Asks: 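Quick one: the structure is below, questions incoming.
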Amino acid sequence: MTSEFPPPTAHSAPSGAGVDLTSRTALVTGGGSGIGKACATALAAAGATVHVVDRDADSAKEVAAGIGGEAHVVDLADPAAIGTLPTEVDILVNNAGLQHVAPLTEFPPERFALIQQVMVTAPFLLMRRSLPHMYAQGWGRLINISSVHGLRASAYKSAYVTAKHALEGLSKVAALEGAAHGVTSNCINPGYVRTPLVENQIRDQAAAHGISPDDVLTDVLLTRSPIKRLLEAEEVAAAALWLCADHSSYITGTSLPLDGGWGAS
Ligand code: NAD
């Protein structure tokens with residue numbers, strides 16, 4: 001018996017992976033960089049038409065041009081700007097995010113509010129806009145890029161942990177409401193992923209602690225992960241693509257940890 005899927009290779013980019021999305025339209029927020037770029041690329045490789053949404057004009061346009069998609073330069077903190085985005089979307093990937101690290105007593109309230117706006121309110125508004133189209137056709141996929149921090153906390157990340165836990169709740173409500181309409185909603189929960197965000201963090205920590213980047217990885221970032229390597233953005237994208245397949249239509253309201261065993265410890 002032949003398998004529908006090629007055997008997984010940890011670092012290879014997915015190229016459709018047996019999932020046919022040729023008639024589908026996807027919208028990926030934060031599609032200009034890191035995980036969003038990998039998701040946009042994987043969905044396009046599976047045949048989807050992809051709307052790449054990012055506030056960074058150059059990267060949104062570069063990614064869209066590379067995959068034959070359409071760039072939308074939008075600040076997701078601005079509800080009016082979200083109102084300009086397409087509504088005929090079959091696959092919505094809520095991915096855009098940002099981090100701020102500070103103790104609660106010093107956390108800037110405006111930064112806390114911004115993080116909720118981009119990482120909770122924007123996904124809500126985008127679901128609200130795209131669900132009528134998904135319901136009308138009886139098929140849809142909501143893929144919410146959460147984090148290990150959607151399931152557990154770390155000190156000094158109050159806004160991020162709050163937002164990711166809220167996204168988990170939103171995703172579950174969408175799963176309940178969408179079930180009768182062929183719409184699934186799931187979270188993906190990565191550990192540390194090799195993106196510009198994390199690579200900068202490694203460089204800064206190496207300088208701050210006077211240790212090598214490799215030691216930052218094993219002794220600082222990956223202390224709680226039994227697998228001592230960063231996750232690749234393409235591996236997150238492969239999970240997102242898998243959730244779009246028809247064989248995943250019974251999977252909804254879940255959180256899929258890609259955490260190298262962190263949660264088992
Ligand atoms: P990244 O910084 O590489 O990319 C984030 C993208 O979002 C950027 O292109 C940025 O311009 C865009 N963006 C940020 N704020 C925006 C706004 N207001 N409007 C429009 N676009 C905006 O980050 P990444 O590491 O790829 O992270 C993507 C998602 O994955 C985030 O939600 C993050 O929380 C989550 N995540 C990342 C990691 C990790 O280790 N990198 C781990 C778990 C979860």
Side-chain angles (χ1 to χ4, degrees), residues 27-42 51-64 71-85 92-101 110-111 113-123 125-126 143-154 157 159-168 170-171 187-203 205 216-217 220-222 224-225 227 229-237 239-240 255-260 262-263:
L27 186 150
V28 181
T29 69
S33 174
I35 294 168
K37 178 180 177 181
C39 286
T41 304
H51 295 287
V52 179
V53 177
D54 208 292
R55 69 177 165 187
D56 185 311
D58 288 346
S59 58
K61 288 175 187 166
E62 191 183 321
V63 172
H72 301 266
V73 182
V74 159
D75 182 353
L76 293 163
D78 177 2
I82 290 174
T84 67
L85 290 171
L92 171 63
V93 182
N94 283 311
N95 164 77
L98 64 158
Q99 179 62 281
H100 188 95
V101 179
E110 63 283 0
R111 196 77 181 152
L114 173 68
I115 287 175
Q116 310 315 308
Q117 191 75 34
V118 174
M119 293 166 60
V120 183
T121 305
L125 291 173
L126 289 166
I143 296 169
N144 303 301
I145 306 299
S146 178
S147 165
V148 163
H149 287 111
L151 304 173
R152 48 176 65 205
S154 286
K157 295 184 177 176
Y160 187 89
V161 170
T162 301
K164 291 302 191 190
H165 276 68
L167 184 63
E168 297 277 330
L170 176 65
S171 180
C187 285
I188 297 175
N189 303 69
Y192 285 103
V193 187
R194 189 190 311 281
T195 67
L197 193 89
V198 169
E199 284 180 331
N200 291 341
Q201 210 173 318
I202 292 170
R203 202 187 44 231
Q205 297 245 17
V216 171
L217 259 189
V220 183
L221 292 190
L222 300 178
R224 286 174 287 187
S225 172
I227 298 180
R229 69 165 174 86
L230 292 175
L231 184 65
E232 302 295 332
E234 288 74 17
E235 295 177 274
V236 182
S255 305
L256 176 62
L258 305 181
D259 67 356
W262 181 345

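Note that ligands are numbered from 1 as they come in the structure, with each ligand's atoms numbered from 1 the same way. We number each residue from 1, following the sequence as shown. All values below come from the heavy atoms of this structure, side chains included, with hydrogens, waters and symmetry mates left out. The shown structure was predicted, so the numbers you read here are calculated from the model rather than taken from an experiment.
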Asks: Does some non-hydrogen atom of Ser146 fall short of 4.0 Å from ligand 1?
Replies: yes
Asks: Would Val193 count as a polar contact of ligand 1, with the cut-off being nitrogen or oxygen pairs under 3.5 Å?
Replies: yes
Asks: For Val63, give me all partners under side-chain contact (heavy atoms from CB on, under 4.5 Å), at least two apart in sequence or on another chain.
Replies: Lys37, Ala40, Val52, Ile67
Asks: What protein heavy atom sits nearest atom 7 (O) of ligand 1, and how far off is it?
Replies: Gly30 CA, 3.4 Å
Asks: Using heavy-atom distances only, which candidate in Arg55, Lys37, His72 approaches atom 22 (C) of ligand 1 most closely?
Replies: Arg55
Asks: Is the closest heavy-atom distance from Ala122 to ligand 1 below 4.0 Å?
Replies: no
Asks: Looking at Glu234, Glu232, Glu235, which one forms a salt bridge (Lys or Arg N to Asp or Glu O under 4.0 Å) with Arg194?
Replies: Glu232
Asks: Restricting to non-hydrogen atoms, name the atom on Ala81 and the atom on Val74 that form the minimum distance, rounded to 0.1 Å.
Replies: CB-CG1, 3.9 Å
Asks: Judging by distance only, is a nitrogen or oxygen of Ser147 under 3.5 angstrom from one on ligand 1?
Replies: no
Asks: To which of Ile35, Leu167, Thr29, Asn94 does the heavy atom nearest atom 37 (C) of ligand 1 belong?
Replies: Ile35
Asks: Return the set of residues passing ring pair (Phe, Tyr, Trp, His ring centres under 6.0 Å) with His165 (not counting sequence neighbours), or none when no residue passes.
Replies: none
Asks: Regarding ligand 1, does Tyr192 bring an N or O atom to under 3.5 Å of one of the ligand's N or O atoms?
Replies: no
Asks: One residue to check: Gln99. Relative to ligand 1, which of side chain, backbone, both or neither has a non-hydrogen atom less than 4.0 Å away?
Replies: neither
Asks: Which atom names give the shortest non-hydrogen contact between Pro79 and Leu125, and what distance separates them?
Replies: CB-CD1, 3.9 Å
Asks: Any nitrogen or oxygen of Val118, side chain or backbone, less than 3.5 Å from one on ligand 1?
Replies: no
Asks: With respect to atom 10 (C) of ligand 1, which of Asp54, Leu258, Val148 exhibits the smallest heavy-atom separation?
Replies: Asp54
Asks: Geometry only, no angles: is Asp56 polar-contacting ligand 1 at N/O separations under 3.5 Å?
Replies: no
Asks: Using heavy-atom distances only, which candidate in Ala81, Gly97, Gly34 approaches atom 5 (C) of ligand 1 most closely?
Replies: Gly97
